[in-house]
Every structure is written in C-alpha cells, then in structure tokens.
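Read the structure below first, then the notes.
Everything quoted here is computed from the prediction, not taken from an experiment. Chain letters run A, B, ... following the sequence lines, proteins first and then strands; every chain starts at 1.
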Amino acid sequence: MLIYNTLSRKKEEFVPVHAGEARIYACGPTVYDFFHIGNGRSFLLFDLLRRYLAYRGYKVTLVQNFTDVDDKMIQRANREGITVAELAERFIAAYKQDAATLGIMPANISPRATEHIAEMIALIETLISRGHAYVTADGVYFDTSSDKRYGELSGRNLEELEAGARVDVDEDKKHPADFALWKAEKPGEPAWDSPFGRGRPGWHIECSAMSMKYLGETFDIHTGGEDLVFPHHENELAQSCCATGKPLARYWMHTGFLNIDNRKMSKSEKNFFTVRDIAGQYDMEAVRLFFLSAHYRSPVNFSRDLVEGAVSAHERLRTARDSFAFLADKAADRAPDGADGAFIASLAKVREAFIEAMDDDLNTAQALGELYDFVRDANSFLSAERSRTCAKASLDLLLELSGVLGVLAKPADETDPRAEALAIERVEARKAKNWAEADRLRAAIADLGYSVEDTPSGPKLRRL
RNA sequence: GGCGCCAUAGCCAAGUGGUAAGGCAAAGGUCUGCAAAACCUUUAUUCCCCAGUUCGAGUCUGGGUGGCGCCUCCA
C-alpha cells in the first residue's frame, strides 16, 4: 500500500514498525465547542485509514487524544462560570455523538491531556537535560535552534520563519520560533505543580507525550488536518525526536481543507457549519459519501447542491443493497449455471480493482467508481432470471466494500408507521385495480413526507 | 515578502507518457395502471494558455494566466 508522506512529499510503500500491525495517532478535538464539518472531514481520514488497514489484515491500534486544557477552553469555561473539566466533559460527550453520526468509530484509546501531565513533565525534563529546552519567567520553551532538523516536516527553515515572524516577539525567547512547553500559572487558570513551577502544558507537548506513551517512541502513522503541519506537528516532531533521538512517526498524513463557497470556513466569516447543524439536514452517511468522492488531500468545497448530489448517489447504493438482499432471499434457488459462474468469478476482479484503488494512498474516488461500476453490472445481470447464489454474492461484496468505506452501515431510516399503513392499503387498492384510490393513498403518503415506489419486493417508502 | 498546492464536460471528480473512470444533473428508450426505481443509450476529437522534450503529453520541462493554502489559534 502506498501512503503519501508529508515528510518526504512522496507516496511511499507502507512498511509498519511491527509487522502486521498499524499504530496510528490522530490529533483529536480541543473540546471547547461542537466540532465543525471541516474537522469532521479530517476525522474521516483516520477512520477510513483504520478501516482499510484492518480490512487488509493489519492489527490496528488507533489513539485519538482529547485536548481538554488550552486558552480557548479556559476562556469559555470562565465565561460560562463552569470549570474547564466540566466544559471538557460536555464536549467530549458531544464529540462522541457527532462523530458517530459520520460513522467514525471510537478510537482504541482516547487519552485526555489533563490525565497525562506527569508524562509531559517527564518529557520536558528530558528536553531540558538534553539542552533542547530552557526555562524563562513565563515557563519552559523549546529551543528550535538546537534542532538541526527543525522545519523538515513543513518545509521551512528558521531563517524563513524569522523573516515571516510577525510582532509579538517574546523578549525572553531565544528565537521567535521557540514555543512553549510549559506555561507558568496565571490567575484564573488551571495549574499543576512541576519542577519548573506551577503551570500548565503547552499544546504541542501533550500529543508527543500521549502518542509515545500508548504507541511507542516510533509509531506508524500520524494524521491531522493540513493546517496542523505547522506549527503543531512540526513542534511535536521536534520535541519527540530531540527527546528520544528517534523518529516519531514513519508516515504523516494530512487532509486538505473543506471550504464553504470556495472560501475557508471561519467563524468571523460566518460560513461555518457544525456537524450537528448538518446532521439535522442530511443523512450523514451521504455526507460521508460526499467526502469520499474526492481525494482526502485535495481541497473540497461544501455546498448544498454538491451534498444533494451525494444524497442521490447514496440512495442508489442503498437501493442496490435492498434489491440484492431481496433477490438473495427470493431469487430462484437452483445451482448456478455457466453465466452465473462467470458472474461470480468476475466479482473477484471488482474486489481487486477496489483494493488497487485504495492501496494507492486511499484513492476513494476511484474506489467508488469501481463500486458504482459493480452495482450497475450486478443490477443488469440480476435483472435476468438468475440463481440466488449470484444475488447473495453481489450482496456480500457490496456490503464488504461499502463497509470498508463506511457508507452503507446504517439500516434504512425508520419510516413513519402511518405511512407504512397507508402503503399497505395502497397495495390492496392496486390489487383491486382501484387506481383512483391508489393515487389518493399515494398523495396521503406524500403528505406524510414520503414518496412510494412499487418495486418487485413491494412498496418502498422514500423520504421526500 | 517566503514556502507550497491546484486548474479535466453544465456541476463534482479519478486518471501509472500509449489515445479521457465514475457520480450528480439533463435527454431518449425498455419496464410500469400512472409513476418511481432499475436497466439500456446519448452528453469532453479533448484535459487553462504558449512554447519545448518525445514516435506519442491530461500526464514530463520551461514560461504565462487564474484560484487556493501555510508562514498567527485553527482539522
């Protein structure tokens, strides 16, 4: 499998540290608010990655942290008159709910920053003792000049960073790019005791401490949004490498941005949607399909029209699933003939093509193309009188491949029982060839918000 | 100012130097009480522009043009 590695700016063959295992660290949310649809897209990357690696036979360990102490959290907690811990509790719960709507499976381990202060302090002490960090009145800073490789991940060097630096230079810092490992206590902020005085950890150190604790000093893949490349991941990498002398992660994967109307989402622009907002408007599985229709590294535009296109495509996959399932139960139960055998044999090629696409740096757009091709071919083939075995094989393959992508996991939405009852009445009316009554019932069903389709497997209600 | 990414049909989007996947939308057809769904067919002589390399370029090189991102908290 090839993975695009931000560190080398190339696709590289995936070779895990431990044969047969894949250890992944994903930067999780800062839990000060509901997460937005752009965050959702980047969370989708690690979910897709872990599903696919598991499908390919790797034993996957995914660690996703919760950043539960930082400036934004402190501000909001103070504004609402609650503790930072209470705020964290609330939005960790919200994260879990919202992630589930997008089909994002829980990580194997979900460490919280505040529960790993001791590990961070130990890491900072190591950095100080090795001459990579220094203490000032404000806390402890990482000495970027002491790291020859600093800038490797984001493709910058210290001179450039100095040239690009804007105001706000801390006099105590040796270099403008130096960043805080430990922030000295300020009134109204949570603080912990440490050898360098009471205070709280900087943002970057938490990910270094937690990833290495659970995954080892060098693990396989580190994921995040592209805006984390600098400074967050650059700094994580610097801290960890300088502390251990070893690489932190073999592969760094970053998602492209999600834009709204071709503009970056931002609170000030008010072009901003939380996953919670969207979940009320669309089937989130269709939104997931929408994201997967473009490569994870390319920027994606989010708009009503585009998502609605994905909703149609998603409906089509669901219809295919229902139709295959119906035929797997009801089609002729006889031994497959030659054509059936050839069809079943052809399914292996579909799987191969799907894997080939996914092996190429998770090319979901291409993989979906293979899936749609397969659905069309199978629909066409099964429309003739075919053995039950063919339908069953088609259903199995569809569920297998869509399961890797996570786009057909949810059962059909529960339908309104009143609409169901009307649909049954309508079946009777149609049997009696009472078309006027049938049409009246269809209108009544439409009033409840459903269209009705007469399929071979009976009436199918579809939300309008 | 520095670094980097992108440009493929009405829209979205793949594409390993060898003759343009797929989806959405649209149109015609089969089927259907009428529909819907499904299926079949149609929709890029051409991949932003100009040069170059090559037997051959959407794909490689150079130069333009246009859009975007990072350099500050940010997925």
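- A residue-by-residue look at A:Ala313 and A:Asp377 shows that A:Ala313 has its nearest nucleotide of RNA chain B further toward the 5' end.
- If you take CD of A:Glu437 and C1' of B:C34, they are 16 Å apart, rounded to a whole angstrom.
- Comparing the same atom, C1', in B:A27 and in B:U8 gives a spacing of 23 Å after rounding to whole Å.
- Side chains of A:Phe142 and A:Trp182 form no contact here, defined as non-hydrogen atoms less than 4.5 Å apart.
- Separating the CG atom of A:Asp305 from the C1' atom of B:A25 is a distance of 10 Å, rounded to the nearest angstrom.
- Rounding to whole angstrom units, CG of residue A:Asn363 and P of B:G23 are separated by 16 Å.
- Using a 4.0 Å heavy-atom distance criterion, A:Ser451 is classed as making no nucleic acid contact.
- A:Gly38 comes within 4.0 angstrom of a nucleotide base, judged by non-hydrogen atoms across all strands.
- Residue contacts for A:Ser154: at a heavy-atom cut-off of 4.0 Å it reaches no nucleic acid atom on any strand shown.
- Contacts of A:Ser383 with the nucleic acid, taken as non-hydrogen atoms under 4.0 Å apart, are absent.
- A straight line from CG of A:Asp71 to C1' of B:U72 spans 13 Å, rounded to a whole angstrom.
- Spacing between B:U46 and B:A14 at atom P, rounded to whole Å, works out to 23 Å.
- Residues A:Arg288 and A:Asp47 are paired through a salt bridge, judged by an N-O separation under 4.0 Å between the basic side chain and the carboxylate.
- Salt bridge A:Arg56/A:Asp359: present, at least one basic N to carboxylate O contact under 4.0 Å.
- When distances are taken from the side chain of A:Lys264 to each of B:G69, B:G22, B:C71, the shortest belongs to B:G69.
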- Under 3.5 Å for both distances, Watson-Crick or G-U wobble, that's the pair rule; now give the dot-bracket for RNA chain B, with | marking pairs to another strand and [ ] for crossing ones. (((((((..(((.....[...))).(((((.......))))).....(((((..]....))))))))))))....
Listing time: all N or O pairs from protein to nucleotides 31-33 of chain B that are below 3.5 Å?
| residue | atom | partner | partner atom | Å |
| --- | --- | --- | --- | --- |
| B:G33 | O6 | A:Arg426 | NH2 | 3.1 |
| B:G33 | N1 | A:Asp439 | OD1 | 2.9 |
| B:G33 | N2 | A:Asp439 | OD1 | 3.3 |
| B:G33 | N2 | A:Asp439 | OD2 | 2.7 |

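- The existence of a salt bridge linking A:Lys183 and A:Asp138 is excluded, since no basic side-chain nitrogen approaches an acidic carboxylate oxygen closer than 4.0 Å.
- Taking atom P on both nucleotides, B:A20 is separated from B:A25 by 26 Å, rounded to a whole Å.
- Contact annotation for A:Leu258: base contact, defined as any heavy-atom pair under 4.0 Å involving a base atom.
- Judged by the 6.0 Å distance and 45° axis criteria, A:Arg297 is positioned over the aromatic ring of A:Tyr4.
- Taking the centre and axis of the six-membered ring of A:Phe343, the NZ or CZ atom of A:Arg386 falls outside the cone set by 45° and 6.0 Å.
- Comparing A:His36 and A:Ala294, the nucleotide of RNA chain B nearest to each residue sits closer to the 5' end for A:Ala294.
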